[in-house]
Amino acid sequence: MDLDYYKSYDMSWGTLGTVRPFSNFHHDQDTMEIQAALEKKDTGTLVRILTNRNNAQRQVIAKTFEEVTEKDLAAAVKKTLSGDLESFLLELLMPPLQYEAHRLHQAMAGLGTDEETLLEILCTRSGKKLQEISAAYQQIYKKDLEKELQGETSGDFAKLVSALLNKESVPGGVQRDIEALRASLNGKKADAGPWIDILTSRDLNHLDKVLMGLELQSGQMVDQAVEKNFTGDVKLGLSILVQCIQEPYVYLAKRLTSMKSPIVQGILVSHCEEDLLCIRAAFKKLTGTSLYTALQQNKFKGDHLQALLAICRSED
């Protein structure tokens, strides 16, 4: 843990993130130290600097590094390091929108599709943010994100994915929405259409009332209703969407309990400047163990572990 980080705590306390702007920031000095660390393969220095600067500051360092060395910092890190530490530091160096686009691209790469990562991003990001991510995806990969998602999905799940990507809040009546959801479950086969339409086109306050009302009027928890009435990928998608409407931080905490590197890194990098403190609190309540301790109790080792701990920041 870098004590200088705590000495610089005269920054904004309003954030729910764990990584904040480093107040004693000198990009020229950081660039020199990183350049020397890369030459010596001094991973400790790389971790210390890159995990104690916010993303905007890392972008300044990367720009300065390129001006000084005429080399790309990410390429230099990739050349020097390997394994999980390399991938984690490279992820920290990506601008936020680029990183979310990268995660979506990786989830669709190769054989099979990582539906849970797609859903994690689509269900926890606002419609405005998803449009910005779509634009970044187009710029980086020269492909339309919605078309790419449609190529990886089918049926009701494809409709859900498109609706999530293009979600926007439109007015609706709470009781009318409750009745529509109840009616969709009454046939021989549940109709996913109303669930997709309503759950992707109302604000969270409205949806909280709808789901609570549905539970009261049906006498059944919403997640149980989804589990009982739907099948396949659309059941997975609606289940995750309901969790993210009701308790998004609990859903992300559950994801973290897998302790798989791609999932842990993805959530830490995506949320460290926004709401990782909330996810940490949910993880502690869910498991009885702080995320900081859980990372140390699992397979993570060496500088990779130190980097994860630095982004997690502290015990709860």
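The figures here come from the full heavy-atom set of this structure, side chains too, leaving out hydrogens, waters and symmetry mates.
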Test salt bridge (Lys or Arg N to Asp or Glu O under 4.0 Å) on E116 and R255; report intermediate values, then the result.
CA-CA 9 Å; E116 284 226 30; R255 288 271 284 162; 3.7 Å; yes
Listed by chain and number, what are the salt bridge (charged side-chain N to carboxylate O under 4.0 Å, His left out) partners of D72, not counting sequence neighbours?
none
Say you draw a straight line from CG of L160 to CG of L119; how long is it, rounded to the nearest 0.5 Å?
6.5 Å
Do R280 and S290 make a side-chain contact, defined as non-hydrogen atoms from C-beta onward lying under 4.5 Å apart?
no
If we ignore hydrogens and angles and just use 3.5 Å, is the side chain of D144 paired with the main-chain N or O of K147 as donor and acceptor?
yes
L211 CG to I178 CD1 distance, which is reported to the nearest 0.5 Å:
8.5 Å
Taking T117 for the side chain and D114 for the main chain, is one N or O donor matched with an acceptor at less than 3.5 Å?
no
Using distance alone, with no hydrogens and no angle criterion, decide if Q265 and S87 have a side-chain donor and acceptor under 3.5 Å apart.
yes
Would you confirm whether T257, through its side chain, and K254, through its main-chain N or O, come within 3.5 Å as a donor-acceptor pair?
yes
Is V250 reachable from L199 through a run of hydrophobic residues whose side-chain heavy atoms are each under 4.5 Å from the next?
no
Ignoring hydrogens and angles, state whether a donor on the side chain of T31 or D28 is under 3.5 Å from an acceptor on the partner side chain.
no
Salt bridge or not for R48 and E33, using N-O below 4.0 Å?
yes
Side-chain donor or acceptor of T287 paired with backbone N/O of F283 under 3.5 Å:
yes
Is M212 linked to V210 within one hydrophobic cluster, defined over Ile, Leu, Val, Met, Phe, Trp and Tyr using a side-chain heavy-atom separation of less than 4.5 Å?
no
Answer yes or no: is there an ion pair linking D316 with K284, defined by an N-O contact shorter than 4.0 Å?
no
Between K78 and E86, does at least one N-O distance fall below 4.0 Å, as a salt bridge requires?
no
Flag if over 12 foreign heavy atoms under 6.0 Å of CD, Q220
yes
To the nearest 0.5 Å, tell me how far Q59 CD sits from L93 CG.
7.0 Å
Side chains of Q35 and T69, donor plus acceptor under 3.5 Å:
no
Could you check if a side-chain atom of F230 sits within less than 4.5 angstrom of a side-chain atom of L185, using non-hydrogen atoms only?
yes
Should L207 and I198 count as side-chain neighbours, where that means a heavy-atom distance under 4.5 Å?
yes
State whether the side chain of R20 and the backbone N or O of E273 hold a donor-acceptor pair below 3.5 Å, judged by distance alone.
no
Value for NZ (K143) from CE (M108), rounded to nearest 0.5 Å, stands at 9.0 Å
For R313, the option from T18, T51, N52 that meets side chain to side chain donor-acceptor pair (under 3.5 Å)
N52
Considering only NZ, NE, NH1 and NH2 on the basic side and carboxylate oxygens on the acidic side, decide whether E274 and R125 come within less than 4.0 Å.
yes
Quick check on E247: does its CD atom have over 12 non-hydrogen neighbours (other residues, nucleotides or ligands) under 6.0 Å away?
no
Sub-4.5 Å side-chain heavy-atom contact between D303 and L46:
no
Inter-residue atom distance T200.OG1 - K167.NZ, 0.5 Å rounding:
8.5 Å
Atom CD of E168: over 12 foreign heavy atoms under 6.0 Å
no
Could you check whether atom CD of E70 has more than 12 heavy atoms from other residues, nucleotides or ligands sitting under 6.0 Å from it?
no
Do side-chain atoms of K41 reach the backbone of L38 as a donor and acceptor pair under 3.5 angstrom?
no
Contact between L81 and F88 at the side-chain level, heavy atoms closer than 4.5 Å - yes or no?
no
Just checking, is any N or O donor in the side chain of E152 or T113 under 3.5 Å from an acceptor N or O on the other one?
yes
Determine, using the 4.5 Å side-chain heavy-atom cutoff (strictly less than), whether L204 and L241 are members of one ILVMFWY cluster.
yes
Is it true that E120 and R103 make a salt bridge, defined as a side-chain N closer than 4.0 Å to a carboxylate O?
yes
Report yes if the side chains of Y141 and H102 come closer than 4.5 Å at any heavy-atom pair, otherwise no.
yes
Working to the nearest 0.5 angstrom, can you tell me the gap between I267 CD1 and L256 CG?
4.0 Å
Between K129 and E132, is the closest basic N to carboxylate O distance under 4.0 Å?
yes
Check the pair Q243, D223 against side chain to side chain contact (heavy atoms under 4.5 Å, CB included), reporting the backbone distance first and the verdict last.
CA-CA 8 Å; Q243 289 180 70; D223 57 346; 5.9 Å; no
Take the angle between the ring planes of H304 and F300 and call it parallel below 30°, perpendicular above 60°, tilted in between.
perpendicular
